[in-house]
Amino acid sequence: MSIYSGKTIQDAVQKGLAELSLNQDQVEVNVIQQPRNGFFGIGRKPAQVELTPKESKTTNQTDPHTPTPAAAIKRAETSSEDSSSEDDREDVDLDKIAQDLADYLNDVLEAMGFSFTLKLDVRNRHSIYIDMDTEQESRLIGRHGRTINALQNLGQIYINRAGANNVDVELDTADYRHRRSEALVQLADKTARNAIANGKPVYLNPMPSFERKQIHNALADNPHVVTYSTGKEPHRVIVVAPK
């Protein structure tokens, strides 16, 4: 019994047959692991198969209804595709997707050279929160939050591709999101006062959509100003204008 790896199942089988000097009719094939492309190259896994030489028999007669190893491989691949299609139609397993996301971010952060600990919290059916505990929080946050926001956007893309399109991902470190939220409320209030005092619209700097939403919410009940967004991502901005 030997295990062989390859880019595809067929590649793995061919490597094993070459090493054993056997043909496909002389081995039993067991698919151990389906190949995975990973996400942006991270988390990639090769196909793995187990080849077991068959015991020699006195006759060469075969049951016409017994599938050949090649047919078995094709059946395994087809079965995997059918299973994936069925899974896409079923409700997603949010706990599993969240853990897969944490594993993926773990690989990304390691590749970026961070020393860290991840704390995963599936808050509800529509929210995944991951706290990244590190002594390098300033570097992880980045200038104006660009690094942590980029990682959060990457995480959002990951779970969207996993089928959890109605789930929001929030990445945090050193209570940055709470501190940033307070700063946005103060910015909204200050901008509203400037717009009212000058009688002109005030354009804020570009910010991600979830931060723009906080500005809108902070001024939603202000009777003297109106807020709206303009421009295209990633340069979309909020405008605070007097009524």
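Annotation: Arg123, atom CZ; neighbour count of heavy atoms from other residues, nucleotides and ligands within 6.0 Å is above 12. More than 12 heavy atoms of other residues, nucleotides or ligands lie within 6.0 Å of NZ in Lys243, so this atom counts as buried by the packing criterion.
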Criterion side chain to side chain contact (heavy atoms under 4.5 Å, CB included) on Ile97 and Val167, from CA distance to verdict:
CA-CA 10 Å; Ile97 289 177; Val167 178; over 6 Å; no

Verify side chain to side chain contact (heavy atoms under 4.5 Å, CB included) between Ile159 and Leu94, making sure each step is shown before the conclusion.
CA-CA 9 Å; Ile159 66 161; Leu94 187 55; over 6 Å; no

Passes side chain to side chain contact (heavy atoms under 4.5 Å, CB included), Arg180 versus Ile141? Steps please.
CA-CA 11 Å; Arg180 177 61 176 166; Ile141 294 169; over 6 Å; no

Under the criterion side chain to side chain contact (heavy atoms under 4.5 Å, CB included), I'd like the reasoning laid out for Asp100 against Tyr104: C-alpha separation, chi angles, the key distance, then a yes or no.
CA-CA 6 Å; Asp100 289 344; Tyr104 171 67; over 6 Å; no

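With values rounded to the nearest 0.5 angstrom, Leu151 atom CG is found 7.0 Å from Thr147 atom OG1. We find the CG-CD distance between Leu140 and Glu135 to be 13.0 Å, quoted to the nearest 0.5 Å. From Thr134, atom OG1 reaches atom CZ of Arg139 across 8.5 Å, with rounding to the nearest 0.5 Å. Asn160 contributes atom CG, which lies 5.0 Å from atom CG of Asn165 (distance to the nearest 0.5 angstrom). One finds the CG atom of Asp189 at 9.5 Å from the CG atom of Asn194 (value rounded to the nearest 0.5 Å). Atom-to-atom distance recorded for Glu137:CD and Phe116:CZ is 14.5 Å, nearest 0.5 angstrom.
Considering only heavy atoms from C-beta on, Gln26 stays 4.5 Å or farther from Leu20 through its side chain. Side-chain contact between Phe210 and Gln152: present, with at least one pair of heavy atoms (C-beta onward) separated by less than 4.5 Å. Contact annotation: the side chain of Leu22 approaches that of Pro53 to within less than 4.5 Å [non-hydrogen atoms, C-beta and beyond].
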Listing, residues 230-242 side-chain donor-acceptor contacts under 3.5 Å, not counting sequence neighbours, or none:
{"from": "Glu233", "atom 1": "OE2", "to": "Arg212", "atom 2": "NH1", "distance (Å)": "3.1"}
{"from": "Glu233", "atom 1": "OE2", "to": "Arg212", "atom 2": "NH2", "distance (Å)": "2.7"}
{"from": "Arg236", "atom 1": "NH1", "to": "Gly231", "atom 2": "O", "distance (Å)": "2.6"}

Donor-acceptor pairs under 3.5 angstrom involving side-chain atoms of residues 219-226: please list them, not counting sequence neighbours.
{"from": "Asn222", "atom 1": "OD1", "to": "His224", "atom 2": "N", "distance (Å)": "2.9"}

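Cluster membership for Leu204 and Val185, using ILVMFWY side-chain heavy atoms within less than 4.5 angstrom, is not shared. Tyr158 and Leu154 fall within the same hydrophobic cluster, where Ile, Leu, Val, Met, Phe, Trp and Tyr residues are linked whenever their side-chain heavy atoms come under 4.5 Å apart, directly or through other members. There is a path of hydrophobic side-chain contacts, each under 4.5 Å, that joins Met112 to Leu101. Tracing side-chain contacts under 4.5 Å through hydrophobic residues (I, L, V, M, F, W, Y), one reaches Ile196 starting from Ile215; they form part of the same cluster.
The two residues Leu118 and Asn106 make their nearest non-hydrogen contact at CD1-N, 4.0 Å. For the residue pair Ala174 and Asp131, the shortest heavy atom distance occurs at N-OD1, 4.3 Å. Nearest heavy-atom pair across Gln156 and Val169 is OE1-N, 2.9 Å. Across Lys119 and Asp133, no two heavy atoms sit closer than the pair NZ-OD2, 4.4 Å. For Gly6 against Lys15, the heavy-atom pair with the smallest separation is CA-NZ, 4.1 Å. Here the shortest heavy-atom pairing between Asn166 and His126 reads O-ND1, 3.0 Å.
At a cut-off of 3.5 Å, with distance as the only test, a side-chain donor of Gln214 or Ser181 sits close to an acceptor on the other residue. A donor-acceptor contact closer than 3.5 angstrom links the side chains of Asp103 and Gln99.
A donor-acceptor pair under 3.5 Å is absent between the side-chain atoms of Glu182 and the main chain of Arg179, judged by distance alone. With Thr173 contributing its side chain and Met132 its backbone, the two residues share a donor-acceptor pair below 3.5 Å. At distances below 3.5 Å, not a single donor-acceptor pair connects side-chain atoms of Asp107 with backbone N or O atoms of Glu110.
Checking Asp172, Asn124, Asp121, Asp168 one by one against Tyr129, the side chain to side chain donor-acceptor pair (under 3.5 Å) holds for a single residue, Asp172.
Scored by the side chain to side chain contact (heavy atoms under 4.5 Å, CB included) test, Lys7 finds Asp11 as partners (sequence neighbours excluded).
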